[in-house]
Amino acid sequence: MEENSLNEKEDIKKSLNFIEQIIEEDLQNGKNENRVHTRFPPEPNGYLHIGHAKSICLNYGLAKRYNGKMNLRFDDTNPAKEETEYVEAIKEDVKWLGADWEDREFYASDYFEQLYQWAIVLIKKGFAYVCELNAEQIAEMKGTPTRPGTASPYRERATEENLMLFARMRAGEFEENTKILRAKIDMESPNMQMRDPILYRIIKKEHHRTGNKWCIYPMYDFAHGQSDYIEGITHSICTLEFEVHRPLYNWFLEKLVKTPYKPRQIEFARLNLSYTVMSKRKLLELVQKNYVNGWTDPRMPTISGLRRRGYTPEAIRMFAEKVGIAKRDNLIDLGLLEFCIREDLNKKAQRAMAVMNPLKVVITNYDDTLTEYLEAINNPEDVEAGTHDVPFSKILYIEQEDFMETPPKKYFRLSPGNEVRLRYAYFIKCNEVVKDENNQILEIHCTYDPASKGGKSPDGRKVKSTIHWVSQQHAIKAEARLYDRLFLAEVPDKTEDGTDYKANLNPDSLIIKDCYVEPYLRNAKSGDKFQFERIAYFCVDPESNEDKLIFNRTVTLKDTWAKINNNE
RNA sequence: UGGCCAGUGGUGUAAUGGUAACACUCCAGAUUUUGGUUCUGUCAUUCUUGGUUCGACUCCAGGCUGGCCAACCA
């Protein structure tokens, strides 16, 4: 009995993902002196996105779970694409997410000399040669997945000549695209990666870290596995497309080092999110062609974009946890990400009242000159959060949607003759609708019940709806940036012939408008998060200042009424 | 006509030879000074065919479907 319940507990706790299972097996077998050491290896050629966040949480989470370490390593082997700006942005994002690489900030470029020496070892062993074919010739002779390749005429070059040519490549004696160093493996391998892959190419560009020291640069394939080896990485976790590269990485290490220790590469399926694109190439295009306002645009799936949108690290970590780790291709519902941020903000965000589409309300039986201060609860989910006062006076704004002259069934809000509660204030009843000559509603006249102060109902009278409001004379005008999904299609890449993902861009992904907020928000600072009751979560934009408050809509509240309305 | 990987509700992830679980979504209801939150309930013969077994999501074989691989990118 006792034993049984213990086992059950363990079963619930267990349920490891397949990578954790592999690690625990390795641990049980005493591999690598029981070390667990992972790394997050971004290329600094763009900003990190939510897919990288999944990888960061995975790598850092594994290190934490098994008392190990996680390195941050920049894969900077291509000076044509990489920039310091990206390095800085990446570091900020990883840190913000809560992953700590301590003092282990590394660069593949730290290992250029070692890699160069290793290339020489391969040449000396007869496993590499300098090839003078051009790009088209190489591609042609590489064959196809169904047709074997053919050998380069330079394949059997003498070792001494290879050594000499490779040295002269490094010395800058040759132009770009005239010579490369290739591994000599197997031109007929069914695995294309093994058909004499390129190790080094000539690139005469300044590198963001090594400056002009080098004019030959190792390919990613020749740098990655060895970098893992140098850093003592035990579990090298990457996405599925590198699965076919694994034999190549193992081949390099097998030829170059003789220790029993080798990094173990494990591949998992990258994150795909509906209504967005994730490839860096496309994100870069959106930025460069100004479809969005930079990498940190709140519509971008970048970590910095999500941050500016109002997402929290906790919500992103929860999301990473919920999407899970597996090897099958997936398309995660954007709704899951939205669930995660609502879940987090519901507990944390202070409540406030704001009116997006104002409708003027005159309380005809309320004193012209009076202002009352009513107590509003900061967060009903968190009693510690306290209260604040909201000014109430004769002329108010309510939401246009919260009044209908001829309401449909199940509409509980304000309408002629109907009574509702103004949150934290009074019950009001609508008596008159004032219109202009075009029959447009100008304002509505209501009476309030003084006995209902604070929104209470001393006689037990029920109202079906509570609506939000602001006092006209006390309200602050602010800018609301209403963000929505960037793409209209669930999978933006699925397009008609002749168009690409950009054809699916949502023209209404950003709507900027004025709104009125209660004076409590006057001193809100960049990054502060609020729930505008009954509307959405908002966060203060970095461009906001005392003269002009700017609120970014993070995510709307769930709207059951909108759903009912749509279904009928 | 190649190689590698993967197929479990609408979505994602579990169950690792003992009779399909959890989360999101959806739908229905309860509660509510946010049509929010919270709570309850409904939703699957595990791609397919055959085999092994007392017993198969799990093991084996064939088929089907999807993804990846032919950058001097990572």
Side-chain angles (χ1 to χ4, degrees), chain A residues 11-12 14-18 21 41-43 45 75 77-78 80-82 131 133-135 138-140 142-149 176-182 189-195 198-203 217 219-221 223-224 238-247 267 269 274 280-281 321-333 335-340 342-343 346-347 351 353 377 380-381 410-413 421-425 427 452 454-457 463-468 531-536 556-565 567:
Chain A
D11 284 348
I12 293 166
K14 234 174 171 179
S15 182
L16 304 174
N17 68 48
F18 81 99
Q21 289 179 28
E43 182 190 14
N45 69 341
D75 266 323
T77 54
N78 187 351
K81 292 188 175 177
E82 294 144 10
C131 182
L133 259 20
N134 64 38
I138 288 177
E140 169 62 27
K142 201 155 203 170
T144 69
T146 54
R147 200 187 72 232
E176 289 187 8
N177 304 317
T178 58
K179 287 183 175 51
I180 52 170
L181 184 73
R182 299 177 74 174
S189 170
N191 183 346
M192 298 291 292
Q193 312 307 320
M194 304 300 273
R195 322 244 264 228
I198 296 171
L199 269 27
Y200 269 89
R201 75 288 212 198
I202 299 167
I203 302 176
Y217 291 90
M219 296 288 288
Y220 170 86
D221 277 350
H224 195 80
C238 63
T239 44
L240 251 26
E241 67 269 28
F242 293 103
E243 207 154 22
V244 285
H245 296 237
R246 184 171 6 112
E267 308 86 7
S274 61
K280 274 202 201 171
R281 203 209 91 229
E321 183 62 36
K322 283 186 183 298
V323 297
I325 301 296
K327 294 192 77 162
R328 65 184 93 109
D329 293 313
N330 59 75
L331 180 63
I332 307 291
D333 190 342
L336 184 63
L337 219 209
E338 295 182 340
F339 165 81
C340 291
R342 286 192 189 107
E343 179 91 346
N346 177 49
K347 287 177 297 192
R351 270 58 169 176
M353 290 197 282
I377 294 166
E381 304 293 317
K410 292 197 221 163
Y411 184 87
F412 304 142
R413 281 110 98 147
R421 171 168 36 232
L422 293 176
R423 176 137 239 221
Y424 301 125
F427 285 14
S452 64
K456 296 182 179 67
S457 175
V463 286
K464 282 215 145 180
S465 183
T466 299
I467 65 173
H468 61 275
Q531 183 198 97
F532 290 174
E533 290 207 48
R534 305 208 306 132
I535 304 173
T556 62
L557 259 36
K558 282 212 239 168
D559 190 347
T560 308
W561 168 245
K563 213 175 271 175
I564 295 170
N565 220 11
N567 290 346

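The shown structure was predicted, so the numbers you read here are calculated from the model rather than taken from an experiment. Throughout, a chain's letter reflects where its sequence line sits, starting with A, and its residues are numbered from 1.
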Subject >> Presence of A:K563 side-chain N/O under 4.0 Å of B:C27 phosphate oxygens OP1/OP2 >> reply: yes
Original post:
According to the Watson-Crick and G-U wobble definition with distances under 3.5 Å, which dot-bracket string, read 5' to 3', encodes RNA chain B, using [ ] for crossing pairs and | for pairs with another strand?
Top reply: .((((((..((((....[..))))..((((.......)))).....(((((..]....))))))))))).....
Original post:
Is A:H468 touching bases, backbone alone, or none of the nucleic acid, heavy atoms closer than 4.0 Å?
Top reply: nothing
**OP:** Classify the ring geometry between A:W561 and A:Y411 as parallel (under 30°), tilted (30 to 60°) or perpendicular (over 60°).
**Re:** perpendicular
Subject >> Polar side-chain contact A:R351-B:U34 base: donor and acceptor under 3.5 Å >> reply: yes
Original post:
Looking only at atom P, what distance separates B:C57 and B:G51, rounded to whole Å?
Top reply: 15 Å
Original post:
Per the atom types in the model, does the base of B:G35 pair as donor or acceptor with the side chain of A:R413 at under 3.5 Å?
Top reply: yes
Original post:
Using a cut-off of less than 4.0 Å, is there contact between a side-chain N or O of A:R281 and OP1 or OP2 of B:C73?
Top reply: no
**OP:** Quick one: label A:E267 by what it contacts on the DNA or RNA (base, sugar-phosphate, nothing), any heavy atom closer than 4.0 Å.
**Re:** nothing
Subject >> Any A:V323 side-chain heavy atom under 4.5 Å of A:N330 side chain >> reply: no
Original post:
Using the C1' atom in both, what is the distance from B:G55 to B:G17, to the nearest Å?
Top reply: 8 Å
Subject >> Quiz item: A:Q193 side-chain donor-acceptor pair to B:G3 base, under 3.5 Å >> reply: no
Subject >> Nearest-angstrom distance, C1' atom, B:A6 to B:U48 >> reply: 16 Å
Subject >> Distance, rounded to the nearest Å, where A:E381 contributes CD and B:U34 contributes C1' >> reply: 10 Å
**OP:** Please name the residue in the list A:R421, A:R534, A:R413 that meets the side-chain hydrogen bond (donor to acceptor under 3.5 Å, both in side chains) test with A:T466.
**Re:** A:R421
Original post:
For A:N177, which contact category applies under a 4.0 Å heavy-atom criterion: base, sugar-phosphate, or nothing?
Top reply: base
Subject >> Test side-chain contact (heavy atoms from CB on, under 4.5 Å) applied to A:N177 - qualifying residues, sequence neighbours left out >> reply: none
